Novice: 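Below are the structure tokens for one structure; questions will follow.
The residues of the chain are indexed from 1 along the displayed sequence. Here the structure is a predicted model, which is why all the values come from computation and not from measurement.
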Amino acid sequence: MTETGGDRQDPIKVMVVDDHPMWRDAVARDLAESGFEVVATAGDGDQAVRRAKAAAPDVLVLDLNLPAKPGVQVCKEVVAANPALRVLVLSASGEHADVLEAVKSGATGYLLKSASTGELQDAVRRTAVGDPVFTPGLAGLVLGEYRRLASEPGPAPDADEPKAPRLTDRETEVLRLVAKGLSYKQIAERLVISHRTVQNHVQNTLGKLQLHNRVELVRYAIERGLDDE
């Protein structure tokens, strides 16, 4: 039976980018053997951007230290070209500056190369449905950065802009837990609902608020003080 993320019926399409051929091939092989569809690989930044546009993967597993173009720039370009694409950084660096730069560039998750094969597979599945995945110890750092970004003044609201649609009580509850940094799995356990139901609430909330990703959603929630409730 093919392993997929959430209730997806099709295999998750993955692209692996790393400048070390043996590592890149090993990661691609492990993922393919686990039921993922590896649609492309690349060894440098320019090649990664070109192939990501052509192959249209669901998840880009990306090293940051690349020749020709750094990984953070690759991340910015591929996400700008396809906002539905999720980027999971797989790096040897656990430096806070690298993690924050990757998140600002549009990465959904950040995993160290010391992770096990099983951890990587789980991270790819979760990343595919938009659930941010971070090596333990980094999640709090990233949430702190979300809070810092939320404290910065955004653009002035348009006087003609309609008021934000009203969220249901459950959507607000899920949003509050998202803002506190909980994963979809943790939210599902806390509220005693399925992982899929949490995904649906998040997608509905994104649609209602006309937001595009979890970073924008967390910022919206923090601006309204939901993370402190």
Novice: Would V78 and V87 satisfy side chain to side chain contact (heavy atoms under 4.5 Å, CB included), going step by step from the backbone distance to the final call?
Specialist: CA-CA 9 Å; V78 298; V87 176; 4.2 Å; yes
Novice: Counting only heavy atoms not in E95 (residues, nucleotides, ligands), do more than 12 fall under 6.0 Å from its CD?
Specialist: no
Novice: Using the side chain to side chain contact (heavy atoms under 4.5 Å, CB included) rule, pick out the option among L177, V178, T172 that qualifies with V174.
Specialist: V178
Novice: Is there a side chain to side chain contact (heavy atoms under 4.5 Å, CB included) between T168 and K208? Walk through the geometry before answering.
Specialist: CA-CA 11 Å; T168 66; K208 283 184 178 181; 4.0 Å; yes
Novice: Say you draw a straight line from OG1 of T127 to CD1 of I12; how long is it, rounded to the nearest 0.5 Å?
Specialist: 9.0 Å
Novice: Could you tell me which non-hydrogen atom of A68 sits nearest to which non-hydrogen atom of G45, and how far apart they are?
Specialist: CB-N, 4.3 Å
Novice: Shortest non-hydrogen contact from G35 to P11?
Specialist: O-CB, 3.6 Å
Novice: Do L66 and D44 come within less than 4.5 Å of each other through their side chains, counting heavy atoms only?
Specialist: no
Novice: Once you round to the nearest 0.5 Å, how far does CZ of R126 lie from CZ of F134?
Specialist: 10.0 Å
Novice: Under 4.5 Å between any side-chain heavy atoms of I187 and H201, yes or no?
Specialist: no
Novice: Applying salt bridge (charged side-chain N to carboxylate O under 4.0 Å, His left out), which residue pairs with at least one partner in residues 20-31 are found, sequence neighbours left out?
Specialist: none
Novice: Give me the atom names and distance for the closest heavy-atom approach of A128 to R86.
Specialist: O-NE, 4.0 Å
Novice: Tell me, do L175 and L167 make a side-chain contact under 4.5 Å, heavy atoms counted?
Specialist: yes
Novice: Between E173 and R176, is there a salt bridge with N-O shorter than 4.0 Å?
Specialist: no
Novice: Just how far is it from atom OG of S91 to atom CG of L111, taken to the nearest 0.5 Å?
Specialist: 10.0 Å
Novice: Below 4.5 Å, heavy atoms only, C-beta onward: do L64 and E101 meet side chain to side chain?
Specialist: no
Novice: How about C75 and L62: do any of their side-chain heavy atoms sit closer than 4.5 Å?
Specialist: yes
Novice: When rounded to the nearest 0.5 angstrom, what is the spacing between CD in E171 and CG in N200?
Specialist: 10.5 Å
Novice: Side-chain contact, heavy-atom cut-off 4.5 Å: V79 with L60?
Specialist: no
Novice: Side chains of L90 and D18: closer than 4.5 Å at any heavy-atom pair?
Specialist: no
Novice: Drop me the distance from T41's OG1 to Q47's CD, to the nearest 0.5 angstrom.
Specialist: 7.0 Å
Novice: Could you walk me through whether V59 and F36 pass the side chain to side chain contact (heavy atoms under 4.5 Å, CB included) check?
Specialist: CA-CA 10 Å; V59 178; F36 297 96; over 6 Å; no
Novice: Testing the basics here: between V89 and A102, what is the closest heavy-atom pair and its distance to 0.1 Å?
Specialist: CG2-CB, 4.0 Å
Novice: Would you list the pairs meeting salt bridge (charged side-chain N to carboxylate O under 4.0 Å, His left out) in which at least one residue belongs to residues 63-80, sequence neighbours left out?
Specialist: D46-K69, D63-K113, K69-E77
Novice: Search all heavy atoms of P57 against all heavy atoms of V39 and return the closest pair with its distance.
Specialist: CB-CG2, 3.8 Å
Novice: Is L206 close to Q203 at the side-chain level, that is, under 4.5 Å between some pair of heavy atoms?
Specialist: yes
Novice: Would D131 and H195 count as a side chain to side chain contact (heavy atoms under 4.5 Å, CB included) if you check the C-alpha gap in whole Å, the side-chain angles of each, and the deciding distance to 0.1 Å?
Specialist: CA-CA 10 Å; D131 196 2; H195 185 279; 4.1 Å; yes
Novice: Between atom CG of D58 and atom CD of E37, what is the distance when rounded to the nearest 0.5 Å?
Specialist: 8.5 Å
Novice: Is it the case that the side chain of E119 and the backbone of S116 share a donor-acceptor pair, with hydrogens and angles ignored and the cut-off at 3.5 Å?
Specialist: yes
